[in-house]
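In what follows, a structure is listed as structure tokens, so that the remarks can point back to it.
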Amino acid sequence: MVKKNYKANKKFHNKDRTCWNCPAAKLKGNVDFRGCGQSRKIMSARGDEHIMIECKRRPELGRYEPTITFEQCPQWEKTKYGHLLKNMRIMILGIDGYLGWTLALKLAKLGCRISGIDNYTRRNCVKERGSHSVVPIVSMEERLKAARKVLGVDIEFREMDIRDRKKLKKFLQKEQPEAIVHYAEIPSAPYSMIDAKHAIEVQNNNVLGTLGLLWLMKDIVPNTSLIKLGTFGEYGTPLTGRPLFEGIFPSDAILKWDNREWSLGGELTPRDPISFYHVSKVQGTFNVYEAAKYWWLRSYDVMQGIIYGVHTDEVAAGPNLRTRYDVDEFFGTVVNRFVAQTIMGLPITVYGTGEQIRAFIALEDAIECMIRLIASPPEPGQYDVVNQVTGLHKLNDLAETVAKVAKKFGINTQIQRLENPRIEAEVHPLEVESTKLPDLGFRPKVSLEKEITRIFELLTQPEIKKRIEEKAHLFIPKTTWSGERKESEVLEVYEPGTKKKKGYKGILHQPQK
Ligand SMILES: NC(=O)c1ccc[n+]([C@@H]2O[C@H](COP(=O)([O-])OP(=O)(O)OC[C@H]3O[C@@H](n4cnc5c(N)ncnc54)[C@H](O)[C@@H]3O)[C@@H](O)[C@H]2O)c1
């Protein structure tokens, strides 16, 4: 929804995309980056204002001022997602995952040179919980073969833990990526709440993995942009209704106290994580923020909404190219689980009041957002946050939408409210700003109903339906935030369309044009 008279209150830094943004530019001279936003002043004070560069891709240019725009530079080619470096070298950490694999195929098809690592943590965690991806996925070797055969693309893969810094160092030195997309974390709130062992494993994996990566980037690829995945769960749901700005307060945000006032502009907004997993993401945020400050690394921290869906042209191009799809309590995301429950003829399970509002985005749109960020690298030292979201939905409304689409497939379903296993606000306002991705040209292409329809089309195939049936006992949550292990009780079962809409509505500030 767009509020009347709403104007984006910030201009995104990178609008003018020049060599200054380009990962191929090697900064030259006595550049002191530690000025924390005052560097220009510091540099002009010592008469050192003109930063010179050398281009790693065009050494014949010698030293020059970084003013060539992407449009002017023959190394940057126009694509429908913006300009991309020719054969841009992109490393995807967590390439075997739901998003990593999908992004890898799309970028490879666009002509980028893709490398990636994964240690199969996700496959192992899902197996440990007794589940499987209901959309069958083949081994990485088979995936790579299929990518070559069906899409004609080659991907350079290494099985490796991101925390194995020796191995990662070698791989970074070899590949010299011009952008790094960091997906390699354990992405489950309930998994992090099982017990101390799991909470520690999630934080160790996520926090230390990112921290080690930052040190390696400083030494090996300091000009490379890091696109790090955060989540909306970092922000929580402020009960005051304070808008969720894009991670950093805008300049006109004011703190008033004791008859005095201050601008909050430029400060990180408060984080209020909602599980030990989300705490790990907040720690990641601070580590990346600091690294950008200390070493002038360039980074986008992507506060990503909950992803749903199965489709991009590339993953749909062959059965061995499909990305994973989980429906269990731990790794299934909400829309994906609702559709699977419906196909099983089971009621859709909504936790608590179902009035919780969350941020969402379809798989295909999320992948496009990532490409637009790669195509618009941050400046040296720029730590920026983007809110990646196309819709705010109440869980109850999502259940209604899934039930509505199910009807088109001849399936009638009920909605079941369960005792909430989580400790979270069940009724709250939610106002979100998301203007930076639209500033980079992103417009949502996939409606909620369209993607839910695509999920039904895929999941109702007999082989997949059978795989859902085998794991249907894992739908009902047994992990609670209080630490008790018990199955959530049913609070109410009702027919879709019989509940009155009430309470708050999510407000999303997103320019449409
Ligand atoms: N899917 C969503 O709805 C969603 C929403 C918000 C944020 N995110 C974030 O996006 C990222 C990717 O999410 P996803 O859904 O693709 O998850 P995923 O689990 O499918 O992908 C992560 C991949 O990283 C790998 N990995 C994990 N730890 C690793 C390690 N130490 N070394 C090497 N590889 C490792 C896993 O094996 C997996 O293949 C995560 O950081 C997640 O927190 C996801």
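Indexing begins at 1, ligand by ligand and atom by atom, following the structure's order.
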Requested in this report: Return yes or no for this condition: an N or O of Arg122 is under 3.5 Å from an N or O of ligand 1.
Outcome: yes
Report summary line: the protein heavy atom lying closest to atom 41 (O) of ligand 1 turns out to be Lys281 NZ, 2.7 Å
Query raised in the report: Is there at least one pair of N or O atoms, one from Ile186 and one from ligand 1, spaced under 3.5 Å apart?
Result: no
Query raised in the report: Does Leu229 reach ligand 1 with a nitrogen or oxygen that is under 3.5 Å from one of the ligand's nitrogen or oxygen atoms?
Result: no
Mind listing the side-chain donor-acceptor pairs of residues 147-155 below 3.5 Å, one per line with the distance, residues two or more places apart or on another chain?
{"unit_1": "Arg148", "atom_1": "NE", "unit_2": "Asp154", "atom_2": "OD1", "d": "2.6"}

Query raised in the report: Any luck finding a side-chain donor-acceptor pair between Asn21 and Arg298 under 3.5 Å?
Result: no
Requested in this report: Give the intermediate values and the outcome of side chain to side chain contact (heavy atoms under 4.5 Å, CB included) for residues Ile415 and Val350.
Outcome: CA-CA 7 Å; Ile415 300 171; Val350 166; 3.9 Å; yes
**Report entry** Salt-bridge criterion met for Glu185 and Arg122 (N-O under 4.0 Å)
**Finding:** no
Query raised in the report: Taking distance alone, with no angle check, do Tyr277 and ligand 1 share an N/O pair under 3.5 Å?
Result: yes
**Report entry** Heteroatom proximity flag, Asn119 to ligand 1, N/O under 3.5 Å
**Finding:** yes
Query raised in the report: Would one find an N or O of Asn205, backbone or side chain, under 3.5 Å from an N or O of ligand 1?
Result: yes
Query raised in the report: Is Leu99 in polar range of ligand 1, meaning some N or O pair under 3.5 Å apart?
Result: yes
Query raised in the report: Hey, is ligand 1 close enough to Gly97 that some N/O pair sits below 3.5 Å?
Result: yes
Query raised in the report: For atom 17 (O) of ligand 1, which candidate among Ser188, Gly284, Pro187 holds the nearest heavy atom?
Result: Pro187
Query raised in the report: Under 4.5 Å between any side-chain heavy atoms of Glu355 and His428, yes or no?
Result: no
**Report entry** Audit row: Tyr191, Phe331, ring-ring contact (aromatic ring centres under 6.0 Å, His included) steps and yes/no
**Finding:** CA-CA 8 Å; Tyr191 190 83; Phe331 290 97; 5.4 Å; yes
Requested in this report: Kindly confirm or rule out an N or O of Thr231 lying under 3.5 angstrom from an N or O of ligand 1.
Outcome: no
Report task. From atom 4 (C) of ligand 1, work out which of Arg158, Gln304, Met303 has a heavy atom at the shortest distance. Result -> Gln304
Query - Side-chain ion pair, Glu368 and Lys445, N-O less than 4.0 Å - result: yes
Report task. Measure the distance from atom 40 (C) of ligand 1 to every protein heavy atom, then report the residue, atom name and distance (to 0.1 Å) of the closest one. Result -> Tyr183 O, 3.6 Å
